[in-house]
Amino acid sequence: MRSNQSELSQGALRFPRWRDVKVPYLWQRETERGKCHHLCNKLQRACAEVAARRRGTAAFFLLPETMKPGAQGMALGRQPTAAGSVNRKRRLGPGGGGGETPGEESLGRGTAGRETPGRGIPGNQTPGRSSSRRVRQDGADQRQVPAAQGDIPPGPTSPAEPGMAPSDSDGFSSDDELPLSFHQQSEGLSLYEKKRLKNIQENARFFASLNMQETAEKLREISKRHRIKRPNAFKRKKVQSSREQPIVRRSMRLLRLDPTGTPLPEIPIEIQTQSEERISGPVKMVRDDEDDSKETEHLMKVWLEMSQGEVHTKEKQPVELKTYKSTLLRMTMQEGSVAKVTPNRVGSLAFHPSPRNFLVAAGSTYGYIGLWDLSSQEGTVHQFKPHCNTINCLHFSPSNSAELLSLSNEGSIRCGNVAAAVFDEVYTSNTWATSSFDFLAEDGSTLIVSHWDGNVVVVDRRTPGTSGELDADLGINHFRTVGVHPMHRQYFVTAGTRCVDIYDVRNLKTSPRKAVASLGGHTKNVSSAYFSSLTGNKVVTTCMDDRIRIFDTSAIIPKIPVVASIIHNNYTGRWLTKFRAVWDPKRDDCFVVGSMARPRQIEVFHFTGSKVREFRDMEWLGSVCSINVMHPTRNVLVGGNSSGRLHVFTDGALSG
């Protein structure tokens, strides 16, 4: 019985419903509105009758003209209520009629041409209640009378289609009116399967009699005949391509026209480095805000005393690194260790080599030089302006510390002589392109000067005039720094765009672009490259690819090997001076460099890549010190920032 029930549900799902029949809805067609309504209603009524016959009830719920009062709320078919399903023995009893219980009359055997609904269970009636009805026939009329109190009157009947066999109580045709082929096909089937097979054949005959294909063709013809033509959408006219492009309106300011349309005179483009005129000849060593040198007499007296009668030699480095680390740990900032020495950004620093007094010089943008005597209790700062552009390099003369040499972007080198109280010209270039310099001779008599455009010039201070003795084009783009080997002074190292090379000054005349050694591996511009202070066996480079590299130059060979590569944030940006890693003059294995890390600090590294010391002070040091310098003989460190302030770290009192 369970298989019969599942087959019944599957058969019901396969049966087509009214909404599955796709008929084009043409309600909007005013001219053929009645015809469409008639055809669609006919299809709707036919599908409803087939569905009702399959379920054993009339299709009055889809046919408004056949509905009677009281028919609403009546349960259709043999569907279970919310309380549970109907007893299978009552639905498929021994009578074989498909759902009649013993003692009940079979419904639906009326006159020909009329079909009565089968017995069903109301939606508000439980399976235990009786729902049988008596049917009395009176001629052609058929009336349904409730069998007992509480019975629900049956729904209205619907006329059967002509040519169809009369149905039994369950809506199935009688067996004797079916063809012989059906009986032969249904041999060996159960009662339910026979009834199901009957329904399939009757439905096939019914749909064949509807001529749905012909009806669909008629509807298509009607729709084509009375199709409403909609106006075409607005189409934009294509712009005809022409060789002449439309004129773009530009402001008169960009066209360099006055309001009347007259062209304005051309204004010559001025280079930023030439914002001021270069001063020719010697410049007095006086403060920038005074007319005479009375304010600087004390400073010059102290500077001259520091430089006379002393021979400054480089001390040998300590044997153990541990001792050096312990001395760095003792270096701290004290009160009065910060001062504003220059009005603008610091671009270079230099320490006076005196072991008893501490004099530091700072070069900044706009050509200012600031001198700060750290040994004086007053901490007086003196500012001079011998140049008109940024000072990139400062050095005290190695043979006479009373002289301070400064190089500026303006294309000149000046020597500040404290004995003569004047900044005199040493070298003057025809172009504003000088970037760095170093001493070729140990006594400081000859210099090697680098230019931004890749030229290098050898200057001899002993000859008259301010021109160079030798000029060579090395072909280096953005030539930033030059450094001379401390032992073999014919070699100098250059730093430019993605290249660091070592040249021999003796080959500049014959083959200036042929380097004797190359230090590779740089992927961006190199900010600086310097030999180690004592032996020159190492070179430290600072590159904008966030790397600090150390090379082994103990042997000058074509390819110099890398000893260590340190990851270091060198992205200083536009408003900070580029970092330059410089060696400690007292040692040959450690160097100092600025840092972008927070809290702000100055770092000291070993050539192997290990960090030796971090100089920091939460109270006094709160900015980036891009340029740093160590004292040649004492444990004093000075760092300069972009506002012109100097920060001093020392292990004791600054007084001699």
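Here the structure is a predicted model, which means the values were calculated and not measured.
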Exercise. Ignoring hydrogens and geometry, is there a side-chain-to-backbone donor-acceptor pair from Thr365 to Asn344 under 3.5 Å?
Worked result: no

Applying side-chain hydrogen bond (donor to acceptor under 3.5 Å, both in side chains) to His631 and not counting sequence neighbours gives Thr633

Residue pairs meeting side-chain hydrogen bond (donor to acceptor under 3.5 Å, both in side chains), one or both in residues 502-512, sequence neighbours left out, come to Asp504-Arg506

Arg616 meets the side-chain hydrogen bond (donor to acceptor under 3.5 Å, both in side chains) criterion, sequence neighbours left out, with Glu614

**Asked** Parallel, tilted or perpendicular for His522 and Phe551, by the 30°/60° rule?
**Response** tilted

Residue set satisfying ring pair (Phe, Tyr, Trp, His ring centres under 6.0 Å) with Phe531, at least two apart, ordered chain then number -> His485

- So, do Trp583 and Phe591 have ring centers that fall under 6.0 Å from each other? yes

Residue pairs meeting side-chain hydrogen bond (donor to acceptor under 3.5 Å, both in side chains), one or both in residues 555-579, sequence neighbours left out, come to Arg547-Ser565, His568-Asn570, His568-Glu603

Residues at least two apart in sequence or cross-chain that pass salt bridge (Lys or Arg N to Asp or Glu O under 4.0 Å) with Arg600, listed by chain then number, are none

Hits for side-chain hydrogen bond (donor to acceptor under 3.5 Å, both in side chains) against Arg580, two or more places apart or cross-chain, chain-then-number order -> none

Sorted by chain and residue number, the salt bridge (Lys or Arg N to Asp or Glu O under 4.0 Å) partners of Asp546 (sequence neighbours excluded) come out as none

Across all chains, not counting sequence neighbours, the salt bridge (Lys or Arg N to Asp or Glu O under 4.0 Å) partners of Asp460 are Arg462

Exercise. Do Val604 and Leu328 pass the side-chain contact (heavy atoms from CB on, under 4.5 Å) test, and can you show the C-alpha distance, the side-chain angles, and the key distance before you say yes or no?
Worked result: CA-CA 9 Å; Val604 178; Leu328 295 182; 4.1 Å; yes

ask   = For residues Asp588 and Ser532, is any side-chain donor paired with an opposing acceptor at under 3.5 Å?
value = yes

- Are Cys393 and Leu405 close enough, and set up right, to give a side-chain contact (heavy atoms from CB on, under 4.5 Å), and what steps lead you there? CA-CA 8 Å; Cys393 194; Leu405 283 80; over 6 Å; no

Go through the steps to decide whether Gln383 and Thr342 satisfy the test side-chain hydrogen bond (donor to acceptor under 3.5 Å, both in side chains), and finish with yes or no. CA-CA 7 Å; Gln383 294 180 2; Thr342 60; over 6 Å; no

message: Assess the residue pair Val636 and Met630 against the criterion (side-chain contact (heavy atoms from CB on, under 4.5 Å)); give the C-alpha distance rounded to whole Å, side-chain angles, the decisive distance to 0.1 Å, and a yes or no.
response: CA-CA 6 Å; Val636 182; Met630 296 283 287; over 6 Å; no

query: Got a salt bridge between Asp473 and Arg513, using NZ or NE/NH1/NH2 to carboxylate O under 4.0 Å?
result: yes

Heavy atoms of Ser528 and Thr481 approach each other most closely as CA-OG1, 3.4 Å

Discussion item. What I'd like to find out is whether the side chain of Val582 reaches to under 4.5 Å of the side chain of Val629, using heavy atoms alone.
Written reply: no

Judged by modelled atom types alone, do Asn409 and Asn392 share a side-chain donor-acceptor pair under 3.5 Å? yes

Walk me through whether Ser354 and His352 qualify under side-chain hydrogen bond (donor to acceptor under 3.5 Å, both in side chains).
CA-CA 6 Å; Ser354 173; His352 193 279; 4.7 Å; no

Report task. With side-chain contact (heavy atoms from CB on, under 4.5 Å) as the test, would you mind laying out the steps for Trp303 and Leu359 before giving the verdict? Result -> CA-CA 8 Å; Trp303 185 359; Leu359 179 66; 3.9 Å; yes

Note to self: Is it true that, when you exclude Gln334 itself, more than 12 heavy atoms of the residues, nucleotides or ligands shown sit nearer than 6.0 Å to its CD?
What the structure shows: yes

>> Please check: side-chain N/O of Thr553 versus main-chain N/O of Gly536, any donor-acceptor pairing under 3.5 Å?
In response: yes

Those residues at least two apart in sequence (or on a different chain) that pass side chain to side chain contact (heavy atoms under 4.5 Å, CB included) with Ala564 are Ile550

ask   = Do Glu425 and Arg414 sit within salt-bridge range, that is, some charged N less than 4.0 Å from a carboxylate O?
value = yes

Are Trp620 and His647 close enough that their ring centres sit under 6.0 Å apart? no

- Message: Would you say the ring centers of Phe439 and His395 fall short of 6.0 Å from each other?
- Response: yes

By salt bridge (Lys or Arg N to Asp or Glu O under 4.0 Å), Asp453 pairs with (sequence neighbours left out) none

Contacts of Ser643 meeting side-chain hydrogen bond (donor to acceptor under 3.5 Å, both in side chains) (sequence neighbours excluded), chain-then-number -> Asn641, Arg645

Counting only heavy atoms not in Lys340, do more than 12 fall under 6.0 Å of its NZ? yes

*Distance under 6.0 Å and angle within 45° of the ring axis: does Arg587 meet both against Tyr324?*
yes

